[in-house]
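Naming: A, B, ... by sequence-line order, numbering from 1 per chain.
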Number of protein chains: 4
Amino acid sequence: MRKQPRQRRSRRMVDALIDATAQCITQYGVDGTTTPRIAECAGVSVGSLYQYFSDKDALFEALGEKLAHDVARALKRLPLPESANLHDLVGGAIRFGFDMLNSREGLFLELIRNWHRLPTARVADVLQGHFLELARLYFIKHHQKYPIEDLQVRMFIVANSTLFTMVRQVSQDEGLLRQEDVAEGLTNMIVGYLGGETGPSR
Amino acid sequence: MRKQPRQRRSRRMVDALIDATAQCITQYGVDGTTTPRIAECAGVSVGSLYQYFSDKDALFEALGEKLAHDVARALKRLPLPESANLHDLVGGAIRFGFDMLNSREGLFLELIRNWHRLPTARVADVLQGHFLELARLYFIKHHQKYPIEDLQVRMFIVANSTLFTMVRQVSQDEGLLRQEDVAEGLTNMIVGYLGGETGPSR
Amino acid sequence: MRKQPRQRRSRRMVDALIDATAQCITQYGVDGTTTPRIAECAGVSVGSLYQYFSDKDALFEALGEKLAHDVARALKRLPLPESANLHDLVGGAIRFGFDMLNSREGLFLELIRNWHRLPTARVADVLQGHFLELARLYFIKHHQKYPIEDLQVRMFIVANSTLFTMVRQVSQDEGLLRQEDVAEGLTNMIVGYLGGETGPSR
Amino acid sequence: MRKQPRQRRSRRMVDALIDATAQCITQYGVDGTTTPRIAECAGVSVGSLYQYFSDKDALFEALGEKLAHDVARALKRLPLPESANLHDLVGGAIRFGFDMLNSREGLFLELIRNWHRLPTARVADVLQGHFLELARLYFIKHHQKYPIEDLQVRMFIVANSTLFTMVRQVSQDEGLLRQEDVAEGLTNMIVGYLGGETGPSR
DNA sequence: TATGAATGAGGCTTCATTCAT
DNA sequence: CATGAATGAAGCCTCATTCAT
């Protein structure tokens, strides 16, 4: 009970630093997000940064984890209409994805672009777990049998295809293609892949 | 008559620098590829590097363009069996893609991963043009009518989905998923998308 | 009566801090011994550290003094056999020295190595006084006349020669020379110097 | 033949940096010798420092090696009178040592004090080799048989005793003991040890 | 032209010490 | 008194780029 104030103070600092990191990333990009800038952005000295995070990477990791949880929560809140057919479901997810990428001044966009240089192990775990859970729920509800054998391969393909195609679409400064069209196309592709025949060729 | 040698010398130097850049990238990654290293790798002074390239980015751009042309040439040489059905065609392309990503000690892999930080406008143009041309040829040969209206959208989706899913697959150090399975899955998804009904849902 | 507890508390804190300093030195070396670490090691806040010690150096000084007293006490307890000839006496002292250097996980070793960077004035006083006293006792017991004139010089030479040679020996990671041999050699040298003719050359 | 100017330039820079390091050490001590200061002292940018030395330690190493060679050269030039008896020889060496320690504004003093924190492997090799050679020459000239068995132990003891006793003497700001007396005492001790009976006790 | 020495801003991180609670 | 969060100067090192030769 006596530690509360301290913990709350700590928590506030940690949050401030994570938020500052996010802000720097949207403002200067991942490359331009330096420890001095983060500290300044948080209105704090560099020393404080290192009191709460062992490392610049630790900050990125914390930010990633926080965002992953935010996304997971938002996903959970997505209305999954009982009667939803696969097309609406996938379409909804993709629109949700585009919304995310367009939100927060491109924070997610920049993070996903730099995926391979960031400490993403934890984040990936969180999200993957969530998506697999969603898929399982869906299949259990709509089909007794679901392709458990290659579910992982399918999820991998679907997730990455969707994600990076969206990233690329949003990254195109000039609106060469309309987001609506890309969303629709992606949806069709995914639905066709997940819902249709699965045998090789034929 | 006296200019030839000079120009040839120039050409050789430019090539050496571009090759050195590629070598540095495979060896040290994009981040570890510094101008002094490139110069040393090319057996040339930094000064010379800046004589021929205004900028580090210019070098990357030149490398990208060169590789794009290499890839385009290789694509052209791909045997497209007259009788090829769509599945074999796409499957072949995907296998070609995996081969590329696994070739040259991961050079393409590293470059595509860092896509957004590199000057890729020209490269994208070259490759996109090529793919569109391929698609047009295919459709002209096999279908009188081809969906010219949303061909660009489809190519965009297919290209990016395939490319980044492959990159992610090859990036996974631990072989969680077998490349064969991913290739097969991707192929099925693409074929289903390109070859099947195209109307929105229904 | 109300002050007692406070003073006892103070004493305990001071001791804890000094012990923590010693522990940090053995664990991280003199360079790695930071005030935050000491405080943490002592289970105390940095602030408290500065309540009791004006300065990091003050802590080192206190540690030095404490250890000097420990050593002095241990020296006093050394059995000085009545019949001891000089060789046994010196040999015993040197073995005692090696034991010290090898004890406490190298605490003394590390401190003596860093002699010149630490506040050692007081320590030197304590030890020097002790050694001179020992010497005086010995000479009084065994020789009526003792070279009071250059006793200080001799003690200085003997003490430093022995000490730093031992330190260097113990510092050698690879056991190039056997400690036994060095101890024997040192003993011979010292005995020869203290016991033999003292005139210049001859 | 065309590389000369460059090499000379390099050589000059390297020398300037090493000299600057020496100067910083005498002026600010080993702890106060920072890379920015060294660079400034040499009238050069930090970057240049790192063009010639991979590391701060590399600089210290180079300085050490240079000084070791200087000392070795000076030792070689020492007049070793044919007729020298051991006392004069050792006395000369010790006086030479004191001269060194008092020279160059205490550069050697500070370096030897910080022996254990500096990269001294090479230096030790150079000097040890030199001293062993000297010893061999002496013994060969003066005694057919020389105690080859424990020569290493003896040299180790003599060298360290002498060196660190001298260092401690010169370090004493207040001239508690006269250097002359310490030199004489050391000489006597060494001569007694090296020249006299060597059997254990007796 | 070719060279490569030189630059210096700027990145990451540490730690002795203070001060508001 | 005790606390420990906060500070910020300072250390080490990198690298894109320039410029005198």
Side-chain angles (χ1 to χ4, degrees), chain A residues 2-3 5-10 12-14 31-40 42-59, chain B residues 6 9-10 13 31-40 43-59, chain C residues 6 9-10 13 31-40 43-59, chain D residues 2-3 5-10 12-14 31-40 42-59:
Chain A
R2 194 159 317 137
K3 261 186 194 155
R6 238 174 255 149
Q7 290 192 0
R8 222 178 295 163
R9 214 141 133 62
S10 286
R12 222 183 290 146
M13 175 109 257
V14 164
D31 280 322
T33 296
T34 69
T35 43
R37 272 228 256 252
I38 293 170
E40 190 197 336
V44 155
S45 72
V46 223
S48 293
L49 190 159
Y50 282 93
Q51 204 136 51
Y52 292 98
F53 295 93
S54 64
D55 216 297
K56 198 186 164 197
D57 256 19
L59 248 177
Chain B
R6 240 184 251 154
R9 220 155 119 64
S10 289
M13 181 143 259
D31 281 322
T33 296
T34 69
T35 42
R37 269 227 256 248
I38 293 169
E40 189 199 335
V44 157
S45 69
V46 222
S48 294
L49 188 157
Y50 280 90
Q51 195 89 45
Y52 291 99
F53 295 93
S54 63
D55 200 287
K56 200 185 167 195
D57 258 17
L59 246 178
Chain C
R6 238 183 252 154
R9 221 156 118 63
S10 289
M13 180 142 259
D31 281 322
T33 295
T34 69
T35 42
R37 268 226 258 250
I38 293 170
E40 190 198 335
V44 157
S45 70
V46 220
S48 293
L49 189 158
Y50 280 91
Q51 195 89 45
Y52 291 100
F53 295 93
S54 64
D55 205 291
K56 201 185 166 196
D57 257 18
L59 246 178
Chain D
R2 195 159 319 136
K3 262 188 193 150
R6 239 174 256 150
Q7 290 192 1
R8 222 178 295 164
R9 213 138 135 62
S10 286
R12 221 183 289 145
M13 175 110 258
V14 164
D31 281 320
T33 296
T34 70
T35 42
R37 272 226 257 250
I38 293 170
E40 190 197 337
V44 156
S45 71
V46 221
S48 292
L49 189 158
Y50 283 93
Q51 205 137 51
Y52 293 97
F53 295 93
S54 63
D55 217 300
K56 198 187 165 196
D57 256 20
L59 247 177

Peer 1: Yes or no on side chain to side chain contact (heavy atoms under 4.5 Å, CB included) for A:Leu49 and A:Val44, after CA distance, side-chain angles and deciding distance?
Peer 2: CA-CA 8 Å; A:Leu49 190 159; A:Val44 155; 5.6 Å; no
Peer 1: Please evaluate residues A:Val14 and A:Phe53 with respect to the criterion side chain to side chain contact (heavy atoms under 4.5 Å, CB included), reporting the C-alpha separation (whole Å), side-chain torsions for both, the decisive distance (0.1 Å), and the verdict.
Peer 2: CA-CA 8 Å; A:Val14 164; A:Phe53 295 93; 3.8 Å; yes
Peer 1: Tell me which of D:Tyr52 and B:Ser45 sits closer to the 5' end of DNA chain E, going by the nucleotide each one is nearest to.
Peer 2: B:Ser45
Peer 1: Take atom CD of A:Glu40 and atom C1' of F:dG8, then tell me their distance rounded to the nearest Å.
Peer 2: 14 Å
Peer 1: Nearest nucleotide by nearest heavy atom, which residue falls closer to the 5' end of DNA chain F, C:Gly43 or A:Val44?
Peer 2: C:Gly43
Peer 1: Determine the minimum heavy-atom distance between D:Ser48 and D:Met13, stating which atoms define it.
Peer 2: CB-SD, 4.2 Å
Peer 1: Can you give one letter per nucleotide of nucleotides 14-21 of chain F, 5' to 3': B if a protein heavy atom sits under 4.0 Å from the base, S if only from the sugar-phosphate, - if neither?
Peer 2: BBBBB---
Peer 1: How does DNA chain E look in dot-bracket form if you count Watson-Crick and G-U pairs under 3.5 Å, write [ ] for pairs that cross, and put | where a base pairs with another strand?
Peer 2: .||||||||||||||||||||
Peer 1: Nearest-Å distance, CG (A:Leu59) to P (E:dT13)?
Peer 2: 10 Å
Peer 1: Any idea which heavy atoms bring A:Thr33 and A:Lys56 closest together, and the distance?
Peer 2: O-CE, 2.9 Å
Peer 1: Using whole Å, what does the distance between atom P of nucleotide F:dA10 and atom CD1 of D:Ile38 come to?
Peer 2: 17 Å
Peer 1: Rounded to whole Å, how long is the line connecting atom CE of D:Met13 with atom C1' of E:dA6?
Peer 2: 8 Å
Peer 1: Touch check for A:Phe53, heavy atoms < 4.0 angstrom, all strands: base, sugar-phosphate only, or nothing?
Peer 2: nothing
